[in-house]
Amino acid sequence: MLSNKRIQELELVMEFEKVEECFKEVSSWIENVGRKRLKETINLDDSLEMLLQAQKQFKEFDLVASEYCKRGQEALKKMNQWEDFSFVDVHSYRAKLQTYEDQLEEFCTQLDETRHRVSETVRLYEFFDKVRQAICCTEEGIKS
């Protein structure tokens with residue numbers, strides 16, 4: 001039984017190393033690219049035209065960022081089997097895993113919030129643009 005436990009533990013460690021490699025890549029992308037790009041979308045431009053251009057650029061970034069989030073979440077799912085084991089030796093791995101999970105969750109949440117904010121800002125600007133056009137047409141009709 002002890003031998004079987006040791007083999008299971010070694011298999012988990014090997015699996016963790018594969019997952020950790022994936023997380024290192026995801027984590028590196030989040031820190032070096034993802035967070036910087038999210039910060040760039042904090043200040044959206046004043047004109048509808050510039051805002052639509054920013055939305056297009058964000059959508060391109062969003063596709064890539066969502067793929068990294070998905071990869072990270074799939075790796076986490078692989079490690080769900082760790083919940084069934086109570087080996088003392090795996091606690092340090094769980095701590096690392098929790099750190100990766102926290103980072104991934106925070107980034108994915110920020111991505112979702114930014115996606116929503118950009119979308120709502122575009123909708124608002126489009127509405128104001130229509131109102132502005134209606135006012136201009138009304139003013140021209142009154143002048144005629």
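For clarity, every value in this text was computed on a predicted model and none was experimentally measured.
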Hey, any chance Met50 and Leu52 share a hydrophobic cluster, counting ILVMFWY side chains that come within less than 4.5 Å of each other, even indirectly? no
4.5 Å side-chain heavy-atom contact, [X] and [Y]:
| X | Y | result |
| --- | --- | --- |
| Phe16 | Lys96 | yes |
| Leu104 | Phe23 | yes |
| Glu113 | His116 | no |

Partner of Lys56 by side-chain contact (heavy atoms from CB on, under 4.5 Å), out of Lys59, Glu60, Gln53: Glu60
Contacts of [X] that satisfy side chain to side chain contact (heavy atoms under 4.5 Å, CB included) - sequence neighbours left out:
| X | value |
| --- | --- |
| Glu49 | Ser47 |
| Leu63 | none |
| Gln98 | Glu101, Asp102 |

Donor-acceptor pairs under 3.5 Å, side chain of residues 68-76 to any protein atom, not counting sequence neighbours: which ones?
from: Arg71; atom 1: NH1; to: Glu25; atom 2: OE2; distance (Å): 3.2
from: Arg71; atom 1: NH2; to: Glu25; atom 2: OE1; distance (Å): 3.2
from: Arg71; atom 1: NH2; to: Glu25; atom 2: OE2; distance (Å): 3.1

Phe61 and Trp29 aromatic ring geometry - parallel, tilted or perpendicular at 30°/60° bounds: parallel
Drop me the distance from [X]'s [atom1] to [Y]'s [atom2], to the nearest 0.5 angstrom.
| X | Y | atom1 | atom2 | result |
| --- | --- | --- | --- | --- |
| Leu10 | Glu15 | CG | CD | 13.5 Å |
| Glu67 | Asp62 | CD | CG | 11.5 Å |
| Cys108 | Gln103 | SG | CD | 10.0 Å |
| Glu17 | Cys22 | CD | SG | 14.5 Å |
| Thr114 | Leu38 | OG1 | CG | 4.5 Å |

When you look at Phe107 and Asp112, which way does the side-chain contact (heavy atoms from CB on, under 4.5 Å) test go after all the steps? CA-CA 9 Å; Phe107 178 77; Asp112 288 342; over 6 Å; no
Test of understanding: with side chain to side chain donor-acceptor pair (under 3.5 Å), list the residues that count as partners of Arg35, not counting sequence neighbours. Glu31, Gln110
Which pairs would a plain distance check flag for residues 117-128, meaning a side-chain donor or acceptor within less than 3.5 Å of a matching protein atom at least two apart in sequence or in another chain?
from: Arg117; atom 1: NH1; to: Thr41; atom 2: O; distance (Å): 3.1
from: Arg117; atom 1: NH1; to: Ile42; atom 2: O; distance (Å): 3.4
from: Arg117; atom 1: NH2; to: Thr41; atom 2: O; distance (Å): 2.7
from: Thr121; atom 1: OG1; to: Arg117; atom 2: O; distance (Å): 2.7

Go through the steps for Ile30 and Tyr100 under the test side-chain contact (heavy atoms from CB on, under 4.5 Å), then give the verdict. CA-CA 11 Å; Ile30 287 172; Tyr100 290 132; over 6 Å; no
When you look at CG of Asn32, are more than 12 heavy atoms from neighbouring residues, nucleotides or ligands closer to it than 6.0 Å?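 Count over threshold, so yes.
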